[in-house]
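What follows is one structure encoded as structure tokens, with my remarks underneath.
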Number of protein chains: 2
Amino acid sequence: RAHVIVLGNEKGGSGKTTSAMHVIAVLLQEGFRVASMDLDSRQRSLTRYVENRAAWSQSNGVRLAMPDHQVIELSDKETVAERQEDERERFQAGLARASAAHDFVVIDCPGSDSFLSRLGHAVADTLITPMNDSFVDFDLLARVDPQTYEIKGPSVYSEMVWESRKRRAMADGGSIDWVVMRNRLSMLDAKNKRRLEGVLEALADRIGFRLAPGFGERVIFREMFPSGLTLLDLKEGGAWSMSHVAARAEVRQLIETLDLPLAEM
Amino acid sequence: RAHVIVLGNEKGGSGKTTSAMHVIAVLLQEGFRVASMDLDSRQRSLTRYVENRAAWSQSNGVRLAMPDHQVIELSDKETVAERQEDERERFQAGLARASAAHDFVVIDCPGSDSFLSRLGHAVADTLITPMNDSFVDFDLLARVDPQTYEIKGPSVYSEMVWESRKRRAMADGGSIDWVVMRNRLSMLDAKNKRRLEGVLEALADRIGFRLAPGFGERVIFREMFPSGLTLLDLKEGGAWSMSHVAARAEVRQLIETLDLPLAEM
Ligand SMILES: Nc1ncnc2c1ncn2[C@@H]1O[C@H](COP(=O)(O)OP(=O)(O)OP(=O)(O)O)[C@@H](O)[C@H]1O
Ligand SMILES: Nc1ncnc2c1ncn2[C@@H]1O[C@H](COP(=O)(O)OP(=O)(O)OP(=O)(O)O)[C@@H](O)[C@H]1O
Ligand SMILES: [Mg+2]
Ligand SMILES: [Mg+2]
């Protein structure tokens, strides 16, 4: 059975697809067999990233390691119950196929609450939740007091993860290692950064997730999407900027924090 | 009838809620009567912003201009057709109430495709589409060639806007002024920025939207969410940083670009 890594956060634009693509790229580079699944069949950003990668590799005659990718389409049946049954069947069949033949399955979820997203969360061995360094993003994890920044209680997404943990335990006795990573960290705003650090650490203890150091705001994380490349594809020793070097270190540090069963594969 | 301003983009995290709140704040400051509607009843970021504002105003004894706010809840009926009918009825009733008693109605949409979002788009007088300065975000507007950056064709969100324009014209002969604004502009990456500028200008002519200068990446746009304040609430002449001054100018510039019927109100 493959190790399942899910990228999830109901908050839009937190960095799920970007992080998914970089986790996939590192695991491929380390020689693992990687399957990927896109549960956002309307936006298809991860699918598009992989398509761009295949097209670029083809038109430039460069061999690139590719994930074995699939998209799970939304159902268009008439009742909600029929849609859920159809989506569950196709998700489970897709996951079974991917898991049997690979070491890792990386699943990208949409930036909203959906039935497929909940299915994905319930099968996660590792759940990575990227978030912008902002109280707008934090608000989906927990509410804070505006004067004291004390945590007042969990929000909808934390509750959904809690639900998923229960479902996972009931399904096969397994557990979800939940890792929250800060993304697009600014080099500047110290005060806001410190406040978020404080509330994240307090919340981590309270609701049970681990914190990863995360990614800085760096254009190298986004500018290669049209060609499907990532910074992992760039030759070492080339004309690397300070930001490239730092970005590479951040990706490696994330993988280390995830504590994946690399040796057992 | 009020002038309806819709914040829309199926791409998550592009800056819809942040822009909505700042447009609301400016219109309130100019003395207009403003109603706001949140079509994302699960994430509720705009609703939370407004709630935080009311709570802060209350506990600090400071009078703050407030929008007349409502959330349109998702339907939980059995079939998809029944859900859509229920959501349409409540949306239209909510809009009629808001439009009758205010000069402007500002509608915030979720970062995904939803029936309520499509209803919102179809009644827009002005549609503001914020986007990150990234080809990941641009991909929902159009596809580009990875070598030449030529536009290969419109994507799902542009097509949805096109649909909405048709629906609007059929409903009452009106038209949607579509304005795309770049958000979280970096002070650094010149190459990526120039490329995006090029493709946005080419696309604007081709599918008919106007470009607004947009907002820079500034912590002042996000750090006051827990208190519900915006930079418009800060006293002029206070200890303003360069970034505050620039941010204020960017918000004013957006309002100017929108070419709203301010005089007629
Ligand atoms: N570390 C980073 N540095 C710079 N830009 C980033 C970084 N991470 C993500 N981005 C950009 O931020 C935006 C949001 O990232 P992304 O699309 O990966 O988030 P998401 O959570 O998958 O969004 P959605 O909710 O729409 O699925 C994109 O434009 C992306 O290019
Ligand atoms: N100009 C800006 N400068 C700095 N941070 C910003 C700016 N605009 C938005 N943000 C931050 O970027 C993130 C995304 O913004 P926001 O939540 O407004 O986008 P959205 O399109 O409403 O997202 P969703 O798709 O989830 O509804 C938030 O963390 C917000 O605080
Ligand atoms: Mg995504
Ligand atoms: Mg929003």
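Residue numbering restarts at 1 for every chain, and letters A, B, ... go by the order of the sequence lines.
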Heavy-atom count around A:Glu82 CD within 6.0 Å, excluding the residue itself: above 12?
yes

Under 4.5 Å between any side-chain heavy atoms of B:Val80 and A:Arg83, yes or no?
yes

Is it the side chain or the backbone of B:Asp145 that comes within 4.5 Å of chain A heavy atoms, both, or neither?
neither

Distance, nearest 0.5 Å, that separates OG of A:Ser45 from CG of B:Leu140:
5.5 Å

Within this structure, what is the CG-CD distance for the pair B:Asp133 and A:Glu223, rounded to the nearest 0.5 Å?
11.5 Å

Taking the side chain as every heavy atom from C-beta outward, state whether B:Arg184 and A:Asn132 have any atom pair closer than 4.5 Å.
yes

If you count heavy-atom pairs within less than 4.5 Å of chain B, which of A:Gln147, A:Arg218, A:Arg143 leads?
A:Arg143

Check this for me: A:Trp240, atom CH2, are more than 12 non-hydrogen atoms of other residues, nucleotides or ligands nearer than 6.0 Å?
yes

Let me know if B:Phe138 has heavy atoms under 4.5 Å from chain A in its side chain, its backbone, both or neither.
neither

Identify the two heavy atoms, one from B:Lys11 and one from A:Gly13, that lie closest to each other, and give their separation to 0.1 Å.
NZ-CA, 4.3 Å

When heavy-atom pairs shorter than 4.5 Å are enumerated against chain A, which of B:Thr79, B:Val156, B:Thr18 gives the highest number?
B:Val156

Would you say CD of B:Glu85 has more than 12 non-hydrogen atoms from neighbouring residues, nucleotides or ligands within 6.0 angstrom?
no

Answer whether the closest heavy-atom distance between the side chains of A:Glu10 and B:Arg42 falls below 4.5 Å.
yes

Counting heavy-atom pairs closer than 4.5 Å to chain A, which one of B:Lys16, B:Glu78, B:Gln43 comes out on top?
B:Gln43

So which atom in A:Pro226 and which in B:Pro146 form the shortest heavy-atom distance, rounded to 0.1 Å?
O-CB, 3.2 Å

Turns out that what part of B:Asp137 lies under 4.5 Å from chain A's heavy atoms comes down to neither

Around A:Glu150, counting heavy atoms of other residues, nucleotides and ligands shown, do more than 12 lie under 6.0 Å from its CD?
no

Would you name the heavy atoms of A:Arg222 and B:Asn192 that are closest together and state the gap between them?
NE-ND2, 3.7 Å

Does NZ belonging to B:Lys193 count more than 12 external heavy atoms closer than 6.0 Å?
yes

So which residue, B:Ser59, B:Ser243, B:Ser134, B:Gly111, ends up with the most heavy-atom pairs under 4.5 Å with chain A?
B:Ser134

Part of B:Lys191 lying under 4.5 Å from any heavy atom of chain A:
side chain

Nearest 0.5 Å, please: how far is OH in A:Tyr49 from CG in B:Asp139?
11.5 Å

